[in-house]
Amino acid sequence: MTGRGERSPPGVTEFRQSLRGVPAAQRLETVSETLWRSWHRIDFAPRPGEPLRSEVVLLGLPGSHLQHGEMSAAQLVRPASDDPELATLICYASGTLQVESGREAFAVSGGDGLLFPGWRPHRFTVPSSPYFCVAVPRVTLEPLLASPGDVRLQPLRDRASLHVLRRYLAWLVSEPAALSSPALAQAAARHVHDLIALAVGASREACHEALRRTAGEVRLAQAKAYIDAQLPRARVPVAEVAAHLGVTTRYVQLLFERSGTSYSRHVLEQRLRYAHRLLSRPSPAADITRVALDAGFGDLSYFNRRFRQRYGETPSQLRARVLQRD
């Protein structure tokens with residue numbers, strides 16, 4: 001299925017594509033026409049004999065276009081861009097990305113990135129792997145680089161910066177609150193620009209500014225992603241998150257305080273949201289006690305009280321309303 005985000009703030013566009021539920025006979029046209037030709041003007045051809053898969057999210061931010069997801073192996077042919085002033089970074093988590101452009105050709109290993117300008121045609125052979133792709137205007141990226149001439153077709157080997165960028169993009173597409181206002185969308189776009197510059201080769205001034213401006217936001221995103229993965233556990237100590245990130249406990253607490261909340265309030269909010277999602281599913285088998293445990297609440301009365309404070313109704317009232325509606 002495909003669809004655009006319905007609650008995106010001004011300045012943000014969202015498009016999600018999944019082939020789940022799409023008949024096999026319609027999958028190629030769905031991917032080729034709806035995603036690649038419509039959004040990118042790229043010719044798409046899947047690898048013969050391999051099942052076609054595509055789970056992709058596209059986000060348009062101020063001065064950035066992001067693509068994040070996973071797709072089966074394919075060949076992509078891209079003519080010179082309609083906007084030759086764009087620079088694009090693409091990175092696959094595994095496999096080998098092959099690119100040809102004129103007389104130049106590169107084989108880029110999984111975990112490494114590829115930067116390419118928009119004014120030249122390219123032919124890509126892409127692996128079956130999770131990936132991300134970011135396009136930004138050259139006029140935005142070049143002032144951040146040690147050498148503006150680095151906006152050219154080249155592989156990028158700074159895996160640490162690319163890994164942080166991948167994690168940050170994954171958080172952006174999975175956390176609606178990250179882009180819930182124009183100001184947050186502007187801030188997210190700046191962080192993306194900073195991280196791309198670090199991966200390509202930022203100037204000393206830009207590197208200092210990027211680390212000052214972006215490092216905290218990225219650390220916060222990493223902390224939230226770790227917490228989300230641990231929600232079924234009754235306790236997720238802040239010291240454990242700090243150890244995972246390689247920072248101090250106080251630094252993690254400050255990250256949440258600067259974002260307008262506290263560590264404990266954030267964990268509680270995520271547990272309640274998770275429980276609310278489970279209870280909102282139209283399944284009679286959803287047991288409230290089981291849901292509370294799955295969300296990390298060991299005390300059912302505490303769960304009921306907090307849930308009512310947050311949502312204005314008890315878990316059982318929500319379940320009754322959902323089942324009556326469906």
Kindly compute the distance separating [atom1] ([X]) from [atom2] ([Y]), expressed to the nearest 0.5 Å.
X: Glu14; Y: Leu59; atom1: CD; atom2: CG; value: 5.5 Å
X: Leu268; Y: Phe303; atom1: CG; atom2: CZ; value: 10.5 Å
X: Leu279; Y: Arg290; atom1: CG; atom2: CZ; value: 13.0 Å
X: Thr125; Y: Leu97; atom1: OG1; atom2: CG; value: 8.0 Å

One thing to verify: whether [Y] and [X] come together as a salt bridge, which I'm taking to mean a side-chain N less than 4.0 angstrom from a carboxylate O.
X: Asp228; Y: Lys224; value: no
X: Arg235; Y: Glu240; value: no
X: Glu29; Y: Arg27; value: no

Who are the side-chain contact (heavy atoms from CB on, under 4.5 Å) partners of [X], not counting sequence neighbours?
X: Arg152; value: Asp150, Gln154
X: Ala170; value: His68
X: Arg53; value: Glu70, Ser72, Ser128
X: Pro51; value: none

Item to complete: Using the side chain to side chain contact (heavy atoms under 4.5 Å, CB included) rule, take Leu58 and His65 through it: C-alpha gap first, then chi angles, then the decisive distance, then the call.
Response: CA-CA 7 Å; Leu58 284 78; His65 297 282; over 6 Å; no
[X] to [Y] - nearest heavy-atom pair and separation:
X: Ala199; Y: Leu156; answer: O-CD2, 4.2 Å
X: Arg167; Y: Ala225; answer: NH2-CB, 4.3 Å
X: Leu114; Y: Pro155; answer: CD1-N, 4.1 Å
X: Pro121; Y: Ser101; answer: O-OG, 3.0 Å
X: Ser262; Y: Phe256; answer: C-CB, 3.8 Å
X: His266; Y: Thr261; answer: N-OG1, 3.9 Å

Item to complete: Could you list all the ring-ring contact (aromatic ring centres under 6.0 Å, His included) pairs where at least one residue sits in residues 125-165, not counting sequence neighbours?
Response: Tyr92-Tyr131
Are [X] and [Y] side-chain neighbours, meaning at least one heavy-atom pair lies under 4.5 Å?
X: Thr88; Y: Val134; value: no
X: Val236; Y: Tyr263; value: yes
X: Leu66; Y: Cys133; value: no
X: Leu86; Y: Arg138; value: no
X: Gln75; Y: Val126; value: no
X: Pro315; Y: Asn304; value: yes
X: Thr34; Y: Phe15; value: yes
X: Phe307; Y: His276; value: yes

Worksheet item: Which is it for Leu141 and Ile196 under the side chain to side chain contact (heavy atoms under 4.5 Å, CB included) test, yes or no, and what are the steps along the way?
Response: CA-CA 8 Å; Leu141 182 59; Ile196 294 174; 3.8 Å; yes
Residue list, side chain to side chain donor-acceptor pair (under 3.5 Å) with [X], at least two apart or on another chain:
X: Thr248; answer: none
X: Arg310; answer: Glu269
X: Glu100; answer: none
X: Ser64; answer: His193

Discussion item. Let's go through Gln17 and Thr30 carefully: what are the C-alpha distance in whole Å and the side-chain angles of both, what is the deciding distance for side-chain hydrogen bond (donor to acceptor under 3.5 Å, both in side chains) to 0.1 Å, and is it a yes or a no?
Written reply: CA-CA 9 Å; Gln17 181 184 74; Thr30 298; 6.0 Å; no
Discussion item. Before you tell me yes or no, could you show the steps for Gln230 and Arg233 under side-chain hydrogen bond (donor to acceptor under 3.5 Å, both in side chains), namely the whole-Å CA-CA distance, both residues' side-chain angles and the distance that decides it to 0.1 Å?
Written reply: CA-CA 6 Å; Gln230 309 300 321; Arg233 294 168 46 198; 2.9 Å; yes
Is the backbone N or O of [Y] less than 3.5 Å from a side-chain atom of [X], with the two atoms forming a donor-acceptor pair by type?
X: Arg271; Y: Leu231; value: yes
X: Arg16; Y: Val57; value: no
X: Ser129; Y: Ala93; value: yes

Does one hydrophobic cluster hold both [X] and [Y], with members joined at side-chain heavy-atom distances below 4.5 Å?
X: Ile90; Y: Val77; result: no
X: Val267; Y: Leu293; result: no
X: Val139; Y: Leu195; result: no
X: Val31; Y: Leu28; result: yes
X: Ile42; Y: Val99; result: yes

Worksheet item: Can you list the residues that meet the salt bridge (Lys or Arg N to Asp or Glu O under 4.0 Å) rule with Arg305, with sequence neighbours excluded?
Response: none
Worksheet, complete the sentence: Contacts of Asp43 meeting salt bridge (Lys or Arg N to Asp or Glu O under 4.0 Å) (sequence neighbours excluded), chain-then-number -> Arg37
Practice prompt. Assess whether side chain to side chain contact (heavy atoms under 4.5 Å, CB included) is satisfied between Leu76 and Trp36, documenting all intermediate values.
Written response: CA-CA 9 Å; Leu76 308 175; Trp36 292 103; 3.9 Å; yes
Discussion item. Does the plane of the ring in His244 sit parallel, tilted or perpendicular to the ring in Tyr226? Use 30° and 60° as the thresholds.
Written reply: parallel
Item to complete: Answer yes or no: does atom CZ of Arg308 have more than 12 heavy-atom neighbours from other residues, nucleotides or ligands under 6.0 Å?
Response: no
Discussion item. Run the side chain to side chain contact (heavy atoms under 4.5 Å, CB included) test on Cys91 and Asp112 for me, step by step, so that the C-alpha distance in whole Å, both residues' side-chain angles and the decisive distance to 0.1 Å come before the verdict.
Written reply: CA-CA 6 Å; Cys91 178; Asp112 290 342; over 6 Å; no
Discussion item. Quick check: Phe124 with Phe44 (ring centres under 6.0 Å apart)?
Written reply: no
Item to complete: Quick one: which residue pairs count as a salt bridge (Lys or Arg N to Asp or Glu O under 4.0 Å) with a foot in residues 257-267, not counting sequence neighbours?
Response: Arg250-Glu257
Practice prompt. Please name the residue in the list Leu245, Leu255, Leu254 that meets the side chain to side chain contact (heavy atoms under 4.5 Å, CB included) test with Leu220.
Written response: Leu255
